[in-house]
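First the structure, in the form of structure tokens, and then the observations on it.
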Protein chains: 2
Amino acid sequence: MLAKSSTELVRQKNSALVLSALRRHGPLAHTELSDFTKLSSATVSVITADLERAQIIEKAEQQAASGRGRPRVLFSQRRDFGYLIIVVISSDAVQYSLVDYAGRLIDRFSEERPQEVSGVGPFIAAMRDALRRIAARSQLDHDKVLMISISSKGLVDNSETVLRWSPIFGRDEIDFAAVLADEWPAKIMLGNETLLVAAALGRQEENNKDSDFRAMAALSLGHSIGLGIVRREEGGGHQVSAPNFGHMMHVPGGALCRCGARGCIEAYAGFYAMLRTAFDVPLDTIPAKFVPIAELDKIAVSARNGGRRNVLAFRQAGLALGNGLSRVLSLHERMPIVITGPGVRYYDLLIEGITEGLAESHVVRMEGMPELRVALDESTLVFDGHINRAFSIIDNDIVKRVGSSIELRAQAG
Amino acid sequence: MLAKSSTELVRQKNSALVLSALRRHGPLAHTELSDFTKLSSATVSVITADLERAQIIEKAEQQAASGRGRPRVLFSQRRDFGYLIIVVISSDAVQYSLVDYAGRLIDRFSEERPQEVSGVGPFIAAMRDALRRIAARSQLDHDKVLMISISSKGLVDNSETVLRWSPIFGRDEIDFAAVLADEWPAKIMLGNETLLVAAALGRQEENNKDSDFRAMAALSLGHSIGLGIVRREEGGGHQVSAPNFGHMMHVPGGALCRCGARGCIEAYAGFYAMLRTAFDVPLDTIPAKFVPIAELDKIAVSARNGGRRNVLAFRQAGLALGNGLSRVLSLHERMPIVITGPGVRYYDLLIEGITEGLAESHVVRMEGMPELRVALDESTLVFDGHINRAFSIIDNDIVKRVGSSIELRAQAG
DNA sequence: ATTTTTTTCTCGACAGTCGAGAAATTAACT
DNA sequence: AGTTAATTTCTCGACTGTCGAGAAAAAAAT
């Protein structure tokens, strides 16, 4: 309620509406745009004409006319209006993807990250190099890149450019915006990985007409534990947040966590923690840097055959997760929980503990068990989350410039 | 991004802006309105003329001209445009207040609530009676009442009219909208008490120019424990939520709580819980319905004189609160915490445990201790919260009708 | 009385949306 | 081949909104 409104703002919002319809449904004709946005045909004409003049959208080749009457002409984003680079940092590799303005994947490669910690400096250097490379391979000027969208596990600052803490670099902060500013005019955005998963799930649920989606949580199980929450806002927007769930306190003064604190959820439910319990190692043992998933698979096999110590490892992990989730539900509303990440393969072993950990709480007694789902394709969700978030921001930025500077540029050209 | 925008919406928003400036700063002249809202003088003229025609605002008697030049004429809300009834339900009494459209208190009375639980039925009957009475005493027709705003401790449904769980009525739900609909055309709103405290604090902080307010939590200590969180939204709005903090799990399978679950924070930090610890009663003893504050005062005196068992009672309560708050901070961002409610008088005894409970967590190690403040005037904050929230909603509703139906009515009359 | 100062009101320009109908374009029909 | 029907896109005039500039109003100072 702070800012005044004006007719120009109306145009901005409605232009953004047109662009987002295009994002959601792919190429659309004039009539369809009018249907989806509820804007009048006349308004759609003006807006599309503006966007076309600004080189943002274009009329596609008209396909074979399907019925009688004047054939539709489809509008779609100009693929070469600009580009998006997506950087997914995981514990063992960094994946670079180049995407055009229409959302199509153009190029992608991964680089191994040496397991032995090489520190922030070399990592930044490697990243700067890789970014240069992915642009060069498609012969793109750096100013054609609209945004570099980065994700990592860990704690992201409110600024959305600073990595405050991560399982990989610990407390060595990285300010990606500062690090890349000299070479890239693009907007830099950093997001927690599980937050992007939640964002993607929220978008999916939104498209699903008959679900009365209000909120949803994504829980990622792996070497570390991530949680993302997405809530629907009044006005149709989504609000996402990435709580520091993995390092929420489970048991005061409890097991030693990688982060140096004691009693974090991760110190009971992370891969290294399950290993520790399975081998009956003291809980203040310094956690392993990395656990090959094969190790855990062995424990799982044994647990499924009734190995008591191994069953206990998964049960304790489940309990920590369940207790933690019950606390999340106490602090938010009831919402479905989608479990994802490499750890889902042990879902059968974890579920008992999770359920029990949830059941004890007041919320669950009041409102019943939350719905639990499993999503196997975490990496797809991360990528979708990147694309959704990036283009939603890019489109909203662009729309502010249409009608002012870009119009002038078009006159000049 | 779901709804289209239009010129009428612009007018609606700007009208709301004018009304909210009037709420925030009291009677304002044309020039001041233009300054505060950043709207042009011409626009302010049109909007105020509309609102005046719709009988919502009026030109006040012009006060003595303070300088030279044409004297200012102040606009203010018409006090008789409509009325608000505020109902504050607490464990021992129910307070009814009648407020006019300009926000001035007109009438107020309290009714004792018998300590022996008399059930929901009699309570509703008494409330209906009291509401009739407060309107009758000021000779108001029921349709002059724009909203009935109710608050209670406990768990409020998303609908904001249904009390799901409360320390007073337990699991006996009350749907206030359904109960009052036959007699009152007014909008019915229900809010958690501590949520309103948080809302009021947020508003205060907002007015405080030099604070970069992002989020804030209010913690109310008493027989039960309440938490309200207010966050600033993009666009200037505030988002408030009332987590079920008192019944968040503190220790799995721990002390017996009034709610029937085990290990809730309240079961360690509520007044009855501290009493239980002080007298070394087993933790699964059924909690006292009500604890006279004098009892706790005695324990506090003893604790301040070094009585070990009594020191422990406050320390354990503080620990539960501190651990719980650390979990809240894990799930949200860092934010200042304002402690309020009757329990603040033991702040000196609680603070050690609270600090210790916070210190163990990863967030606090990362981001440092959150700022802790004390607010003594809880009941004032609750009342302010009611008024802020109610009129903000009322004004936004009204503005939608200006220019359509109300205009017609003015023509007819 | 006249001038100065301050505030409020009014007018024309400009930006935006909308409904209705004109123009365009193709398939179907005679 | 020419005509008609169907469908989509484009265009025009009406309406609503905001804004800047300057006119009008009203009181104090000269």
Side-chain angles (χ1 to χ4, degrees), chain A residues 3-18 27-53 57-76 399-404 407, chain B residues 3-18 27-53 57-76 399-404 407:
Chain A
K4 68 173 175 178
S5 204
S6 65
T7 50
E8 285 119 74
L9 264 179
V10 170
R11 167 56 65 87
Q12 261 180 46
K13 281 208 170 174
N14 287 341
S15 300
L17 202 60
V18 167
L28 294 178
H30 180 107
T31 330
E32 297 165 310
L33 279 175
S34 175
D35 286 351
F36 282 129
T37 61
K38 310 290 177 201
L39 292 168
S40 77
S41 164
T43 305
V44 171
S45 281
V46 183
I47 289 175
T48 50
D50 274 9
L51 293 174
E52 211 180 345
R53 196 166 340 120
I57 64 173
E58 62 188 353
K59 288 185 177 138
E61 300 308 305
Q62 57 235 47
Q63 77 242 341
S66 57
R68 67 169 152 181
R70 182 171 172 172
R72 299 179 163 187
V73 314
L74 300 181
F75 289 100
S76 63
V399 144
K400 290 180 189 150
R401 278 171 276 164
V402 175
S404 55
E407 197 132 4
Chain B
K4 69 173 176 178
S5 204
S6 65
T7 49
E8 286 119 74
L9 264 179
V10 169
R11 167 56 63 87
Q12 259 180 47
K13 281 209 170 174
N14 287 341
S15 299
L17 201 59
V18 167
L28 293 178
H30 180 105
T31 330
E32 297 166 309
L33 278 175
S34 175
D35 286 351
F36 282 130
T37 60
K38 311 289 177 203
L39 292 167
S40 77
S41 164
T43 305
V44 171
S45 281
V46 183
I47 288 176
T48 50
D50 274 8
L51 292 175
E52 213 180 342
R53 196 168 338 123
I57 63 174
E58 62 188 352
K59 287 183 178 141
E61 297 309 303
Q62 57 235 46
Q63 77 245 340
S66 57
R68 68 169 157 183
R70 182 171 172 173
R72 298 181 163 185
V73 314
L74 300 180
F75 289 100
S76 63
V399 143
K400 289 178 191 152
R401 278 172 275 164
V402 176
S404 56
E407 197 131 5

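Note on naming: letters A, B, ... go to the chains in the order of the sequence lines (proteins, then strands), and numbering restarts at 1 for each one. Quick note: numbers below take in every heavy atom, side chains included, and nothing from hydrogens, waters or symmetry partners.
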Checklist entry - To the nearest 10 degrees, how far apart in direction are the end axes of the helix from C:dA1-D:dT30 to C:dT30-D:dA1, each fit to five base pairs? => result 30°
Every protein N/O lying under 3.5 Å from an N/O of nucleotides 28-30 of chain C:
unit_1 : atom_1 : unit_2  : atom_2 : d
C:dA28 : O4'    : A:Arg68 : NH1    : 3.1

Next on the checklist: Closest approach to the side chain of A:His30, judged atom by atom: which nucleotide of D:dT16, D:dC10, C:dT10 is it?
Outcome noted: D:dC10
Could you list all N or O pairs between the protein and nucleotides 20-23 of chain D that sit under 3.5 Å apart?
none

Checklist entry - Do the side-chain N or O atoms of B:Arg11 get closer than 4.0 angstrom to the phosphate oxygens (OP1, OP2) of D:dT18? => result yes
Item to check | Pairwise 5' ranking along DNA chain D for A:Arg70 and B:Thr7, keeping only the more 5' one | outcome: A:Arg70
Checklist entry - Rounded to the Å, how far apart are A:Asp50 CG and C:dA15 P? => result 11 Å
Checklist outcome for this item: Of B:Val46 and A:Val46, the one whose closest nucleotide on DNA chain C sits nearer the 5' end is B:Val46
Next on the checklist: Checking contacts here: which listed nucleotide (D:dC10, C:dC9, D:dA26) is nearest the side-chain heavy atoms of A:Lys59?
Outcome noted: D:dC10
Checklist entry - Can you tell which of C:dT17, D:dA24, D:dC19 lies closest to the side chain of A:Lys4? => result D:dC19
Checklist entry - C:dT8 phosphate, OP1 or OP2: any side-chain N/O from B:Thr31 under 4.0 angstrom? => result yes
Next on the checklist: Among C:dT7, C:dG16, D:dT9, which nucleotide has an atom closest to any side-chain atom of B:Arg72?
Outcome noted: C:dT7
Checklist entry - Are B:Asn14 and D:dG17 close enough that a side-chain N or O sits under 4.0 Å from OP1 or OP2? => result no
